[in-house]
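See structure below.
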Amino acid sequence: MGKLRVIALTAFQETLRRRVFYIVLVLAVIVVAGISSEMFFMRLARRAGETAMLTAMAAQTARGILQIWNVAALFLALFLGAIAISSEITGKTIVHVMSRPVERAVYLLGRWLGVLLFL
């Protein structure tokens, strides 16, 4: 269990060092901009007394945020999963890890958990 935790923590730290963090930041700014524009229209609807429209807009905003996050998480998971192992093979760091008494399943599970922790 200790090996798995160390591999997952290392994968998390490597993911933070990559440029993927900036992609997540840009995506967060886009989502916040979309939310703020929706909140502006919800404020106008509240002032006008449109309660039915307000509840519909709030539900639609929540669904939209979840859909954006779902698509973004899928894209990032595919991107990170594709480059995680290949970057280790290119950098030849996987040779040092696999020469230790670490099973492949533990290594892959640790890398996967580190990427999930980042997401």
Side-chain angles (χ1 to χ4, degrees):
M1 195 58 139
K3 295 175 189 177
L4 182 67
R5 188 171 357 131
V6 169
I7 293 171
L9 189 61
T10 304
F12 175 74
Q13 290 172 346
E14 287 176 4
T15 306
L16 279 179
R17 286 187 213 124
R18 290 195 177 113
R19 292 185 184 114
V20 175
F21 186 67
Y22 299 117
I23 294 172
V24 172
L25 222 59
V26 167
L27 196 65
V29 167
I30 291 171
V31 169
V32 167
I35 292 171
S36 64
S37 68
E38 290 284 331
M39 294 300 286
F40 174 73
F41 289 118
M42 280 194 237
R43 225 176 296 137
L44 290 177
R46 181 177 294 139
R47 286 182 188 161
E50 296 288 337
T51 57
M53 182 186 292
L54 182 64
T55 56
M57 285 177 71
Q60 184 63 29
T61 301
R63 271 189 241 115
I65 292 169
L66 290 176
Q67 287 174 351
I68 289 171
W69 178 250
N70 189 23
V71 170
L74 285 173
F75 171 73
L76 286 172
L78 285 173
F79 180 70
L80 291 174
I83 66 170
I85 304 297
S86 66
S87 66
E88 290 219 6
I89 291 172
T90 303
K92 302 215 187 294
T93 56
I94 197 167
V95 174
H96 299 293
V97 174
M98 296 310 288
S99 67
R100 308 277 190 251
V102 177
E103 297 83 24
R104 287 182 185 184
V106 172
Y107 175 74
L108 291 174
L109 183 63
R111 296 293 297 187
W112 182 67
L113 287 175
V115 169
L116 280 181
L117 184 64
F118 175 77
L119 287 176

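Values below: every heavy atom of this structure, side chains too, minus hydrogens, waters and symmetry copies. Please read all numbers here as calculations on a predicted model, not as lab measurements.
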* With clusters built from Ile, Leu, Val, Met, Phe, Trp and Tyr whose side-chain heavy atoms come within less than 4.5 Å, directly or transitively, what are the remaining members of the cluster of Val26, listed by chain and number? -> Ile30
* With the 4.5 Å side-chain cut-off for hydrophobic clustering, are Leu116 and Leu4 part of the same group? -> yes
* Would you say Leu113 and Leu108 are hydrophobically clustered, going by side-chain heavy atoms of ILVMFWY under 4.5 Å? -> yes
* **Path from Val106 to Leu109 over hydrophobic side-chain contacts below 4.5 Å** => yes
* Asked: To the nearest 0.5 Å, how far apart are CD1 in Ile65 and CD in Gln60?
  -> 10.5 Å
* Structure fact -> Nearest heavy-atom approach of Gly110 to Ala11 is O-CB, 4.3 Å
* Structure fact -> Of all heavy-atom pairs linking Tyr107 and Ile7, the shortest is O-CG2, 3.7 Å
* Asked: Should Leu9 and Gln13 be marked as a side chain to side chain contact (heavy atoms under 4.5 Å, CB included) after you check the CA-CA gap, both sets of side-chain angles, and the distance that decides it?
  -> CA-CA 6 Å; Leu9 189 61; Gln13 290 172 346; 4.1 Å; yes
* Structure fact -> For residues 110-119, the side chain to side chain donor-acceptor pair (under 3.5 Å) pairs (sequence neighbours left out) are Glu14-Arg111, Glu88-Arg111
